[in-house]
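Here's the structure we're looking at; comments come further down.
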Amino acid sequence: VALYLLKSDKKTIRETIFEEILPDEGLVIKGFQYNQENPDKGVRWALNAEEMRSSDNNNLISFHEFLLTVTAKNRPSIELKGETGDYSRDSGKINLRGNLKGTSSDGYRIITDQILINEKTGLFTTDSHVKIFGPFFSIDGQGLSIDVEKETVKILSNVTSVINEVHITQ
């Protein structure tokens, strides 16, 4: 790889790999993709974004127009699309914002303006307005807490739920 970089056209490398390196601000990359896997917990996540900016020490990553996919062993996968997000390597927290729309592989959907994901604790939280849709229900409310380990979902206040008619056949 080093030999390729030394012999290649520097302008081409800058245009295709690095959009710009800003003094005291870190790196800007267009068309960013990042994957992380935690085999101990059986969790894999992938982040695709139109643009990524990293801090000068690479501890904070900001991204725009993103798709985050989280896959966990023996659990449905989740995709979240949104406008902006930040990931702190030090804290393990991912803060997603802006017209968030999520879907799970087992048919559930979520819409909100902001979600904070704590990678270390497995908690998804927000104080924003939330709508959740399932195969036979919908829930609307203010605030959300999801504990992945305990498999619990809590809407914190102003909850309205609708249960659709379910037909059971034997």
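Quick note: residue numbers are just sequence positions, from 1. Note that this is a predicted model, so its numbers are computed, not measured.
There is a path of hydrophobic side-chain contacts, each under 4.5 Å, that joins V70 to Y34. One hydrophobic cluster, built from ILVMFWY side chains closer than 4.5 Å, holds both V130 and V159. Cluster annotation: L60 is not connected to L68 through the hydrophobic network of ILVMFWY side chains, with a link wherever side-chain heavy atoms come within less than 4.5 Å. Linking ILVMFWY side-chain heavy atoms closer than 4.5 Å, directly or via other members, places V153 and I115 in a single hydrophobic cluster.
With rounding to the nearest 0.5 Å, the separation of CD in E51 from OG1 in T84 is 11.5 Å. Rounded to the nearest 0.5 Å, atoms CG (L156) and NZ (K154) are 8.5 Å apart. The distance from atom CG of N48 to atom CG of N35, rounded to the nearest 0.5 Å, is 7.5 Å. Atom OH of residue Y87 and atom CD1 of residue I94 lie 6.0 Å apart, to the nearest 0.5 angstrom. Taking CG from L123 and NZ from K150, the interatomic distance works out to 8.5 Å, rounded to the nearest 0.5 Å. Summarising the geometry, atom NZ belonging to K131 is positioned 14.5 Å from atom CG belonging to L144; distances are rounded to the nearest 0.5 Å.
The heavy-atom pair separating S54 from M52 by the smallest distance is N-SD, 3.5 Å. The nearest pair of heavy atoms linking G82 to L100 is CA-CD2, 3.7 Å. Closest heavy-atom contact between S62 and D86: OG-OD1, 2.7 Å. Minimum interatomic distance between L80 and I110 (heavy atoms only, all atoms of both residues): CD2-CG2, 4.3 Å. Minimum heavy-atom separation, F133 to S138: CD2-CB, 3.7 Å. Between F66 and E83, the shortest heavy-atom distance links the atoms CE2-N, 3.7 Å.
Between the side chains of W45 and E119, at least one donor N or O sits under 3.5 Å from an acceptor N or O. Side-chain contact of S104 with D106: a donor-acceptor pair under 3.5 Å is present, judged by distance alone. Looking at N95 and Q114, their side chains do bring a donor and an acceptor atom within 3.5 Å of each other.
Put simply, the side chain of Q142 gets close to the backbone of D127: a donor and an acceptor are under 3.5 Å apart.
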| request: Decide yes or no on side chain to side chain contact (heavy atoms under 4.5 Å, CB included) for D140 and H129, but give the supporting numbers first. | output: CA-CA 8 Å; D140 188 290; H129 183 251; 2.8 Å; yes
Notebook entry, point to check: For F137 and N164, what are the C-alpha separation, side-chain angles and deciding distance, and is it a side chain to side chain contact (heavy atoms under 4.5 Å, CB included)?
Noted result: CA-CA 5 Å; F137 70 91; N164 300 324; 5.7 Å; no
If you apply the rule side chain to side chain contact (heavy atoms under 4.5 Å, CB included), what do you find for I146 with T152, and how did you get there? CA-CA 6 Å; I146 299 174; T152 59; over 6 Å; no
*Apply side chain to side chain contact (heavy atoms under 4.5 Å, CB included) to E50 and H64, showing your working.*
CA-CA 6 Å; E50 285 187 18; H64 304 281; 5.6 Å; no
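For the pair I132 and I155, the minimum side-chain heavy-atom distance is below 4.5 Å. Side-chain contact between I78 and Y108: absent, with no pair of heavy atoms (C-beta onward) separated by less than 4.5 Å. In this structure, the side chains of T71 and V43 stay at 4.5 Å or more apart for every pair of heavy atoms. Between T125 and N118 the shortest side-chain heavy-atom distance does not fall below 4.5 Å.
Comment: R75 engages E151 in a salt bridge, judged by a side-chain N to carboxylate O separation of less than 4.0 angstrom. A salt bridge is absent between E79 and K81; no separation between the charged side-chain nitrogens and carboxylate oxygens falls under 4.0 Å.
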